[in-house]
Amino acid sequence: MAQKPSIPKGTRDFSPAEVAKRNHIISNIREQFEKFGFQPIETPSFENSDTLMGKYGEEGDRLIFKILNSGDFLQKANEQAYSERDSTKLTSSISEKALRYDLTVPFARYVVQHRNEIEFPFKRYQIQPVWRADRPQKGRFREFFQCDADVVGSDSLWQEVEFVQLYDAVFTALGLNGVTIKINNRKVLSGFAEVIGESDKLIDFTVALDKLDKIGEDGVKKEMQEKGISSEAIEKIQKVFGLKGTFSEKIEVLKDILEPSEVGRKGIEELEFINSAIEELKLNTATLDLDVTLARGLNYYTGAIFEVAAPKGVAMGSIGGGGRYDDLTGIFGMSGVSGVGISFGLDRIYLVLEELDLFPETVSGNIKALFINFGEQESLYCLRAIKELRSAGVAAELYPDEAKMKKQMNHANKREIPFVILAGAEEKESKKFTLKNMKSGEQASVSLQELKNRLV
RNA sequence: GUGGUUGUAGCUCAGCUGGUUAGAGCGCCUGAUUGUGGUUCAGGAGGUCGCCGGUUCGAACCCGGUCUUCCACCCCA
């Protein structure tokens, strides 16, 4: 080996076993998506830069992977920007394409572009990789999969109710019990800012509030003050910091705080609607919890905000998120279309399932039986049986070379193939097969019919 | 983008204040066993000590840079 090859930072190779486990998660998610009436679409891995740039805030722009123009890109480079070392300006003159950063913005682009072919409300799901030029950490990669389901063209709050149930359905199907679906509402956050008279500092305010469980009450207040929010203002929403109890108990406290704010009252109304519907319909294994500190997410959320936390005791960032955005397609010139959607973080769900040992053994994707190769004549005899087994739905194969028995048995053992079939001259003569169970070591002489019966 | 951390055999890791031919366990290969794997025993292969440069008589070890890993911040799935 001259020089070890490698892959870029934050990317990964997947072994057969890993792919099988990932497929197990994806197929569960897909199955639930379809059960809930979502239809799949796919979009290109890269988009025109102006489709993506400016949609995720300044931080987002930095994290978008840009694709260099083909050909002699420096010929057309903006000379002034180059000589001034103005990267932002230079970038637009040497790169016009970028890898997609999430699935929501490309979806909005898709909706606008295909508006005349789409029947609204349109429910689509999309399972594809996205790329972010972020620094990798645990559960954070530069290439990862998102599994999104969104509805556009419906203002109905029943959609939010459906999404809560969808989260519950997927995590229940995966055997991941005890996840918490945290919900908040942007209108409640706006209400807070309004009540304290700092509506123009809404973003700073919510970003600080979001860190409550991380840096504590004092830390949040300190950060708010640093952003220019007065302590008198913060005092007005003091009760927010100590919010406890059930969903309804929290709502009662919020009603009190947000009484003066119309938008705040609207937010509470929406939360109550969703909660009472869920209480009526019941969730299988998940819990719906009101978390007013939840402010994550993209600048475009206008109503509900969702985030899913792994079961207690698992150290992992959120494994899903989503929300309502009233005018997502507006950025592409099509206003008045409301959308709401959620996302599943495949790679993080994988890590959580792995940590809790929740992958069923059956996901291996392995063959059921290996035929030992005894030579040309015997192989043909085996291949005839293999053909029949396969059409009966049994995955089986013949060891390709006439190697030593020990080597062939060892191969079956290493691949954890549950059955080995020995069919040499003797078996061929008597039209039998020797079936060996690799786990128990038992073996039996059986007919082809019996072989099929035992392996199907 | 900021600060820190990690890198020695396929894997997990030892390697004294810099000092001859860099070690272990597991794995791998061969044989004991020419139609029986997982156990045992005997033997064997495998390393430019992440990469580049510097200090030194001498560097896996010290210094600088770079890449990578993981962590915190920012932000986020």
Side-chain angles (χ1 to χ4, degrees), chain A residues 1-12 25 29 56-64 87-88 101-104 127-148 203 206-208 210-211 214-215 219 223 294-299 306-310 315-323 341-352 370-375 378 399 402-428 433-443 445:
Chain A
M1 234 186 311
Q3 211 176 0
K4 267 190 192 167
S6 61
I7 55 174
K9 183 193 334 199
T11 65
R12 295 144 306 152
I25 299 172
I29 292 175
Y56 310 100
E58 209 175 307
E59 184 71 13
D61 283 357
R62 208 194 74 211
L63 298 177
I64 292 173
S87 305
T88 315
Y101 177 87
D102 73 355
L103 300 177
T104 309
I127 300 175
Q128 290 189 280
V130 302
W131 296 269
R132 295 185 187 178
D134 209 354
R135 281 230 186 149
Q137 270 181 50
K138 186 185 173 86
R140 270 178 109 152
F141 309 98
R142 300 181 107 177
E143 176 182 61
F144 62 97
F145 266 72
Q146 283 192 334
C147 313
D148 277 27
I203 300 285
T206 52
V207 166
D210 184 49
K211 295 176 187 165
K214 211 168 187 176
I215 60 177
E223 182 164 329
L294 186 62
R296 299 283 176 100
L298 312 164
N299 304 320
F306 295 111
E307 185 168 305
V308 182
M316 180 62 65
S318 60
I319 55 176
I342 60 173
S343 179
F344 290 82
L346 170 66
D347 300 85
R348 288 190 177 177
I349 292 169
Y350 182 103
L351 292 172
V352 171
L370 178 76
F371 281 69
I372 299 296
N373 189 322
F374 286 100
E378 293 87 344
Y399 190 89
E402 194 184 335
K404 281 182 190 163
M405 168 86 78
K406 180 179 170 117
K407 190 175 170 72
Q408 299 192 45
M409 292 296 286
N410 208 240
H411 179 72
N413 196 44
K414 294 262 175 58
R415 282 179 61 187
E416 296 181 317
I417 297 168
F419 293 97
V420 159
I421 292 153
L422 299 96
E426 237 174 78
E427 284 88 348
K428 183 168 176 282
F433 297 88
T434 299
L435 177 67
K436 179 179 172 95
N437 180 320
M438 290 298 278
K439 205 157 196 177
S440 64
E442 288 168 336
Q443 52 186 66
S445 178

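Throughout, protein chains are lettered first and strands after them, A, B, ... in sequence-line order, and every chain is numbered starting at 1. No hydrogens, no waters, no symmetry mates; every other heavy atom, side chains included, goes into these values.
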State the pairing partner of B/rC16; accept Watson-Crick or G-U wobble contacts with both distances under 3.5 Å, and report none otherwise.
none

Contact class for A/Ser343 vs. all strands (heavy atom < 4.0 Å): base, sugar-phosphate, or nothing?
nothing

Starting at atom CD of A/Gln128, determine the distance to atom P of B/rA77, rounded to an integer number of angstrom.
17 Å

If you go through the side-chain atoms of A/Arg135, does one of them form a donor-acceptor pair with the base of B/rU2 closer than 3.5 Å?
yes

With a non-hydrogen cut-off below 4.0 angstrom, is A/Gly320 in contact with a base, only sugar-phosphate, or nothing?
sugar-phosphate

Proximity to the side chain of A/Lys211 - top-ranked nucleotide from B/rU69, B/rU36, B/rC74
B/rC74

Donor-acceptor pair under 3.5 Å, A/Arg415 side chain vs B/rG37 base
no

On the nucleotide B/rU30, are OP1 or OP2 found under 4.0 Å from the side-chain N or O atoms that A/Lys407 carries?
no

Could you tell me whether A/Arg132 sits above the aromatic face of A/Tyr101, with NZ or CZ closer than 6.0 angstrom to the six-membered ring centre and within 45 degrees of the axis?
yes

Does any donor-acceptor pair link the side chain of A/Glu58 with the base of B/rG1 at a separation under 3.5 Å?
no

Using atom P of each nucleotide, how far apart are B/rU20 and B/rC61 to the nearest Å?
14 Å

Between atom CD1 in A/Ile372 and atom P in B/rG35, what is the gap in whole Å?
12 Å

For B/rU36, does the base pair up with any side-chain atom of A/Gln408 as donor and acceptor (N or O, under 3.5 Å, distance only)?
no

So does A/Lys214 get a side-chain nitrogen or oxygen closer than 4.0 Å to the phosphate oxygens (OP1/OP2) of B/rA72?
no

Given B/rC74, B/rG37, B/rC70, identify the nucleotide with an atom nearest to the side chain of A/Asn413.
B/rG37

Rounded to the nearest 0.5 angstrom, the CG-CD1 distance for A/Leu370 and A/Ile417 is 4.5 Å

With a 4.0 Å cut-off on N to O distance, would you call A/Arg140 and A/Asp347 a salt bridge?
no

Using atom types as modelled and distance alone, determine if a side-chain donor or acceptor of A/Arg12 lies under 3.5 Å from a backbone N or O of A/Glu143.
yes

Please tell me which of the listed nucleotides, B/rU69, B/rG37, B/rA77, lies nearest to the side chain of A/Lys406?
B/rG37

Heavy-atom pair of closest approach, residues A/Gly441 and A/Lys436
O-NZ, 3.7 Å

Selected nucleotide, minimal atom distance to A/Met438 side chain, candidates B/rC71, B/rC75, B/rG37
B/rG37

Selection from B/rU36, B/rC74, B/rG35 that lies nearest to any side-chain heavy atom of A/Met409
B/rU36

Rounded to the nearest Å, what distance is computed from the CZ atom of residue A/Phe141 to the C1' atom of nucleotide B/rU68?
15 Å

side-chain contact (heavy atoms from CB on, under 4.5 Å) with A/Gln408: which of A/Leu422, A/Ile372, A/Val420, A/Asn413?
A/Ile372

Could you give the distance from CZ (A/Phe144) to CD (A/Gln128), rounded to the nearest 0.5 Å?
13.0 Å

Within the structure, does a side-chain N or O atom of A/Lys414 lie under 4.0 Å from either OP1 or OP2 of B/rG27?
no

With a non-hydrogen cut-off below 4.0 angstrom, is A/Val207 in contact with a base, only sugar-phosphate, or nothing?
sugar-phosphate

Quantified in whole Å, what is the P atom distance between nucleotide B/rA42 and nucleotide B/rG47?
25 Å

Paired to B/rU36 by Watson-Crick or G-U wobble criteria (both distances under 3.5 Å) is none

Among B/rG35, B/rG31, B/rA77, which nucleotide sits nearest the side chain of A/Lys404?
B/rG31

Over all strands shown, is A/Gly375 touching base, sugar-phosphate only, or nothing at heavy-atom distances under 4.0 angstrom?
nothing

With rounding to the closest Å, how many angstrom separate the P atoms on B/rG18 and B/rG10?
28 Å

Side-chain donor/acceptor of A/Lys436 to base of B/rU36, under 3.5 Å
yes

Taking atom C1' of B/rA77 as reference, at what distance in whole Å does atom CD1 of A/Ile25 sit?
13 Å

Could you please name the option among B/rC76, B/rG35, B/rU36 that lies closest to any side-chain atom of A/Glu427?
B/rG35

To the nearest angstrom, how far is A/Arg348 atom CZ from B/rC75 atom C1'?
11 Å

Answer with base, sugar-phosphate or nothing: what part of the nucleic acid does A/Asn410 contact at a heavy-atom distance below 4.0 Å?
sugar-phosphate

Between A/His411 and A/Pro136, who's closer to the 5' end of RNA chain B by nearest nucleotide?
A/His411

Applying the Watson-Crick and G-U wobble criteria at under 3.5 Å, what pairs with B/rU5? Answer none if nothing qualifies.
none

For A/Gly375, is there any backbone N or O sitting under 3.5 Å from a side-chain donor or acceptor partner on A/Asn373?
yes

In the strands shown, is B/rA42 matched to any nucleotide by a Watson-Crick or G-U wobble pair with both distances under 3.5 Å, and which?
B/rU30

Is the aromatic ring of A/Phe144 within stacking range of B/rA77, meaning centres under 5.5 angstrom and planes under 30 degrees?
yes

